[in-house]
Amino acid sequence: MPELPEVETVKETLKRQILNNRIVGVKVHYAKTIEFPSVEEFKKQIINQTFIDIKRRGKWLMFELNDYYLLSHLRMEGKYNIKDIGDELDKHEHVVFTLDNNKELRYKDVRKFGKMHLILKDDIYNRLPLKALGLEPNDKELTVKYLKDKYKNKSLPIKTVLLDQQIIVGIGNIYADEILFLSSINPLKQSKKLTKKELQLIIDNTKIVLEKAIKAGGTTIRSYTSSEGVHGKFQHELLVHGKEGKPCPKCNDTIVKIKVGGRGTYYCRKCQK
DNA sequence: AGTGCGACCCGAACGC
DNA sequence: TGCGTTCGGGTCGCAC
């Protein structure tokens, strides 16, 4: 699943492939991928824009163009591939950008959950979806005080709240389990009941887990690869996620799987009380 | 405001 | 073997 580390990998890969190329054509084969503006406006506005840079904010890819940012959220299975003009269209390729070098940048998404926005550069941080995002894991403002304040009215389980992109961005279901295991915190513990010590552990381990995952190129489970032929390696370093019935790496007790906020959650009952 | 849950999708995994 | 059913993943919108 593309979470922050996967998006980082895609960003770096695409930077080597499309920077300084101009968009000379665009085809939208699945209209709902384009969330804003209308498909017609989207096509009209993006034509003749050049890829100047690619950035990332949370799980959003930010393609910097001359006048706009093209925001792209891959959700679970979105990927980008470079193909030649004329290559047969894959059934799951929903948006195709034709470039001025006879190549095409194609957005492929089996689940069709991914979304794109095209927003004027001046507005980008004052508008949804970026406006609502919380702190990056490596932001200096991510402190115990910050989390204490954000969590004070939350009786939801910490596992659920770690997935809330309005507080910290980039944590998905896999990494939330890993962060809580390393912090020895029960995923069901109410967020507002966390001690300062526990909040500090969450902050430290969030940074550690995401950084390690970025270095490994993300996590490839199920069918996900960041782009054709690119596989992350972090799945080999997972300690609890997906390890139901396997021994805990710390205490050898059996890892269990439960549902928290509707999400599959793996943890060690002995280490995470 | 906080919380809970269905909807969005469809391939893979599962059950019979 | 084949076929029907369930699951999962991130986010949003809606009801309470």
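Here is how names work: the chains are called A, B, and so on, in the same order as the sequence lines, proteins then strands, and each is numbered from 1. Heavy-atom basis, side chains included; hydrogens, waters and symmetry copies ignored.
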Asker: Please report the distance, rounded to the nearest Å, between NZ in Lys79(A) and P in dG10(C).
Answerer: 15 Å
Asker: Give a yes/no answer on whether the side chain of Lys192(A) brings an N or O atom under 4.0 Å of OP1 or OP2 in dG2(B).
Answerer: no
Asker: Could you identify the nucleotide paired to dT1(C), looking across every strand shown and requiring Watson-Crick or G-U wobble geometry with both distances under 3.5 Å?
Answerer: none
Asker: Output the single nucleotide from dT11(C), dC8(B), dT3(B) whose closest atom is nearest the side chain of Phe113(A).
Answerer: dC8(B)
Asker: Need to verify one output field. Residue with the more 5' nearest nucleotide on DNA chain C, Arg111(A) or Leu163(A)?
Answerer: Arg111(A)
Asker: By nearest heavy atom, map Trp60(A) and Gly262(A) onto DNA chain C; which one lands nearer the 5' end?
Answerer: Gly262(A)
Asker: Base, sugar-phosphate, or nothing for Lys115(A), non-hydrogen atoms under 4.0 angstrom?
Answerer: nothing
Asker: Report which part of the nucleic acid Lys257(A) touches: base, sugar-phosphate, or nothing (heavy-atom distance under 4.0 Å, all strands).
Answerer: sugar-phosphate
Asker: Take atom CZ of Arg75(A) and atom C1' of dC10(B), then tell me their distance rounded to the nearest Å.
Answerer: 15 Å
Asker: When you compare the side chains of Ser184(A) and Gln272(A), does any donor N or O come within less than 3.5 Å of an acceptor on the partner?
Answerer: no
Asker: Would you mind reading off the distance between Glu93(A) atom CD and dC9(B) atom C1', rounded to a whole angstrom?
Answerer: 18 Å
Asker: Specify the separation, in whole Å, of atom CD1 of Ile174(A) and atom P of dG8(C).
Answerer: 13 Å
Asker: Does dC10(B) have its OP1 or OP2 closer than 4.0 Å to a side-chain nitrogen or oxygen of Lys112(A)?
Answerer: yes
Asker: Does a side-chain N-to-carboxylate-O contact under 4.0 Å join Asp87(A) and Arg106(A)?
Answerer: no
Asker: Grab the CG-C1' distance between Asp164(A) and dC12(C) for me, whole Å please.
Answerer: 13 Å
Asker: It should be established whether Gln165(A) places a side-chain nitrogen or oxygen under 4.0 Å from OP1 or OP2 of nucleotide dT11(C).
Answerer: yes
Asker: Could Lys243(A) and Phe181(A) be counted as a cation-pi pair, given that NZ or CZ must be under 6.0 Å from the ring centre and within 45° of the axis?
Answerer: no
Asker: Quick one: which of Lys15(A), Lys55(A), Arg57(A), Lys11(A) gives a salt bridge (charged side-chain N to carboxylate O under 4.0 Å, His left out) with Glu64(A)?
Answerer: Lys55(A)
Asker: Please state whether the phosphate of dG2(B), meaning OP1 or OP2, lies under 4.0 angstrom from any side-chain nitrogen or oxygen of Ser155(A).
Answerer: no
Asker: Among the nucleotides dC10(B), dT11(C), dC9(B), which one has an atom lying closest to any side-chain atom of Lys32(A)?
Answerer: dC9(B)
Asker: Are OP1 or OP2 of dC9(B) and a side-chain N or O of His92(A) less than 4.0 angstrom apart?
Answerer: no
Asker: Select base, sugar-phosphate, or nothing to describe what Lys259(A) touches, counting heavy atoms under 4.0 Å on all strands.
Answerer: sugar-phosphate
Asker: Could you tell me the separation between the NZ atom of Lys159(A) and the P atom of dG9(C), rounded to a whole number of Å?
Answerer: 8 Å
Asker: Can you identify which nucleotide, out of dG10(C), dC9(B), dT3(B), has its nearest atom closest to the His73(A) side chain?
Answerer: dG10(C)
Asker: If you take atom types as modelled and just measure distance, does the side chain of Arg263(A) reach the base of dG10(C) with a donor-acceptor pair under 3.5 Å?
Answerer: yes
Asker: Under 4.0 Å, counting only non-hydrogen atoms across every strand here, what does Lys91(A) touch: a base, just sugar-phosphate, or nothing?
Answerer: sugar-phosphate
Asker: If I take atom CD in residue Glu35(A) and atom C1' in nucleotide dC9(B), what distance separates them, rounded to the nearest angstrom?
Answerer: 15 Å
Asker: Let me know the distance between CG of Leu4(A) and P of dT11(C), rounded to the nearest Å.
Answerer: 11 Å
Asker: Would you please indicate if the ring centroids of Phe63(A) and Tyr80(A) are separated by under 6.0 Å?
Answerer: yes
Asker: Which distance, rounded to the nearest 0.5 Å, do you find between the NZ of Lys108(A) and the NZ of Lys83(A)?
Answerer: 6.0 Å
